[in-house]
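Right, one structure below, let's go through it.
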Amino acid sequence: MIALVGKYEFTIDAYLTDFRGKATLPMIGGFLLQAATKHAEERGFGYSDMTSQQRVWVLSRMAIQVHEYPKNDTVFIIKTWIVSVNRLFTERHFAFEDENGKPLGYARSLWASIDLETRRPTNLMELYGLSDYINSEKEAPIDALSKIPALKDDYEQAAEFVVKYSDVDINKHLNSMKYIEHFVDVFDIDMFREKEIRRIEVNYISEAHYGKRLDILKREEEDSVFILEMRDEQTNVCSAKVIWR
């Protein structure tokens with residue numbers, strides 16, 4: 001059997017970095033999803049295997065905790081593994097480091113599987129081989145996924161946008177990392193000069209489709225801690241908690 005933990009290397013090229021020469025949070029998230037995809041494909045429950053069963057993976061929740069952002073022209077190494085599986089969700093963890101093994105951060109993610117036609121959840125316990133790769137003895141040292149409070153009052157409308165061609169993914173809805181990209185863009189560039197996002201937690205609630213106009217609402221819960229919501233009219237499609245340090 002293939003190893004429980006997958007290890008994947010990426011290079012931080014200049015086009016993946018911001019004005020500071022550091023990888024952006026959406027780029028880091030994109031590498032995490034690439035690692036998850038490769039890990040699943042190698043073990044028999046990747047995209048092609050899932051679609052052959054009329055299923056597809058959807059990301060339900062994710063938390064990324066960055067201690068140090070990788071810089072331009074450096075090697076970025078990601079390790080990923082499955083922690084648990086139940087009927088509705090599987091939890092996947094990540095650890096990322098530089099080429100010398102220095103820890104840079106960690107992530108947790110929660111995934112569901114939906115039927116391609118009905119868009120309803122499928123039973124993950126029926127997915128052949130998935131449970132064989134549970135590594136319950138290894139957990140990433142990152143805070144657990146938490147409940148993100150709803151924005152009912154005392155918030156501001158920080159941005160609005162229409163979902164365009166470059167926003168949608170293979171499932172024809174807003175790409176998982178595009179949510180994060182639009183969320184981080186509500187912050188002024190001066191914040192990135194003075195601080196860094198140390199943790200972002202995202203709760204993907206419903207699909208946002210091409211052509212939809214979405215609003216992003218923002219509230220500062222406490223010093224350098226923000227709650228964000230992406231709404232389709234009155235419907236919350238995604239929530240996030242962003243912690244700056």
Side-chain angles (χ1 to χ4, degrees), residues 1-11 16 23 25-65 75-97 104-142 144-145 168-181 200-205 207 238:
M1 188 173 73
I2 302 175
L4 300 182
V5 179
K7 181 179 179 180
Y8 308 95
E9 291 189 7
F10 303 92
T11 300
L16 300 171
L25 193 56
M27 290 303 101
I28 291 175
F31 283 138
L32 297 177
L33 295 191
Q34 285 189 55
T37 298
K38 291 180 179 181
H39 183 274
E41 286 285 356
E42 292 167 355
R43 289 155 181 79
F45 42 89
Y47 179 79
S48 57
D49 299 286
M50 295 291 282
T51 53
S52 69
Q53 302 174 54
Q54 289 300 303
R55 304 179 186 210
V56 68
W57 287 114
V58 292
L59 183 57
S60 178
R61 301 187 67 184
M62 189 171 206
I64 306 173
Q65 213 158 282
V75 174
F76 187 57
I77 298 172
I78 298 175
K79 297 175 182 177
T80 184
W81 61 96
I82 295 169
V83 174
S84 65
V85 178
N86 61 36
R87 192 173 64 84
L88 291 178
F89 297 105
T90 179
E91 185 168 3
R92 174 183 290 279
H93 288 192
F94 304 84
F96 39 101
E97 58 192 40
L104 301 178
Y106 304 93
R108 290 175 179 256
S109 60
L110 204 62
W111 299 77
S113 165
I114 61 172
D115 185 280
L116 278 171
E117 293 185 5
T118 66
R119 313 303 287 180
R120 295 182 63 82
T122 65
N123 186 350
L124 290 177
M125 300 302 292
E126 297 174 350
L127 191 57
Y128 179 78
L130 179 61
S131 296
D132 294 338
Y133 289 95
I134 295 174
N135 190 358
S136 58
E137 296 180 0
K138 182 178 176 64
E139 289 200 15
I142 173 177
L145 295 163
V168 297
D169 61 15
I170 197 167
N171 296 321
K172 300 183 182 66
H173 58 69
L174 191 61
N175 181 294
S176 300
M177 291 305 111
K178 283 290 184 175
Y179 288 91
I180 294 179
E181 185 175 304
I200 185 169
E201 188 167 341
V202 185
N203 184 10
Y204 299 95
I205 300 169
E207 299 175 340
C238 187

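The analysis underlying the following values was restricted to heavy atoms, covering all of them including side chains, and did not include hydrogens, waters or symmetry mates.
Distance check: M27 CE to I180 CD1 gives 10.0 Å after rounding to the nearest 0.5 Å. Taking OH from Y47 and CH2 from W57, the interatomic distance works out to 14.0 Å, rounded to the nearest 0.5 Å. Rounding to the nearest 0.5 angstrom, the gap separating the CD atom in Q53 from the CG atom in L116 is 10.5 Å. Separating the CH2 atom in W81 from the CZ atom in F94 is a distance of 9.0 Å, to the nearest 0.5 Å. The CZ atom of R43 sits 12.5 Å away from the CG atom of D49 when rounded to the nearest 0.5 Å. Y133 contributes atom OH, which lies 7.0 Å from atom CZ of F45 (distance to the nearest 0.5 angstrom).
No side-chain heavy atom of V83 sits less than 4.5 Å from a side-chain heavy atom of R92. Put simply, the side chain of K7 reaches to within 4.5 Å of the side chain of I77, judged on heavy atoms. For the pair V168 and H173, the minimum side-chain heavy-atom distance is 4.5 Å or more. Taking the side chain as every heavy atom from C-beta outward, I64 and L25 approach each other to under 4.5 Å. Side-chain contact check for L32 versus M62: some heavy-atom pair is nearer than 4.5 Å. Residues L33 and L59 are in side-chain contact: their nearest non-hydrogen atoms beyond the backbone lie under 4.5 Å apart. Put simply, the side chain of E117 reaches to within 4.5 Å of the side chain of Q54, judged on heavy atoms.
Annotation for A35 and I78: closest pair CB-CG2, 3.7 Å, computed over non-hydrogen atoms. Nearest heavy atoms, C238 versus V202: SG-CG1, 3.4 Å. For the residue pair S113 and L124, the shortest heavy atom distance occurs at CB-CD2, 3.5 Å. For R87 against N123, the heavy-atom pair with the smallest separation is CG-OD1, 3.0 Å. Closest non-hydrogen pair, H93 versus E139, comes out as ND1-CA, 3.7 Å. In terms of heavy atoms, A63 sits closest to I142 at O-CD1, 3.8 Å.
The backbone N or O of S176 lies less than 3.5 Å from a partner atom in the side chain of Y204, making a donor-acceptor pair.
Listed by chain and residue number, R61, R199 satisfy the salt bridge (Lys or Arg N to Asp or Glu O under 4.0 Å) test with E201 (two or more places apart in sequence, or in another chain).
Remark: the S109 side chain and the W111 side chain contain an N/O donor-acceptor pair separated by less than 3.5 Å.
Under a 4.0 Å N-O distance rule, the pair E207/K172 does not qualify as a salt bridge. No salt bridge links E41 with K38; every basic N to acidic carboxylate O contact stays at or beyond 4.0 Å.
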Working for salt bridge (charged side-chain N to carboxylate O under 4.0 Å, His left out), residues K79 and E97: CA-CA 9 Å; K79 297 175 182 177; E97 58 192 40; 3.8 Å; yes
side-chain contact (heavy atoms from CB on, under 4.5 Å) assessment of E91 paired with N86: CA-CA 9 Å; E91 185 168 3; N86 61 36; over 6 Å; no
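When each of I134, D132, I82, N135 is checked for a side-chain contact (heavy atoms from CB on, under 4.5 Å) with L4, only N135 meets the rule.
Separation of the F10 and F31 ring centroids falls under the 6.0 Å cut-off.
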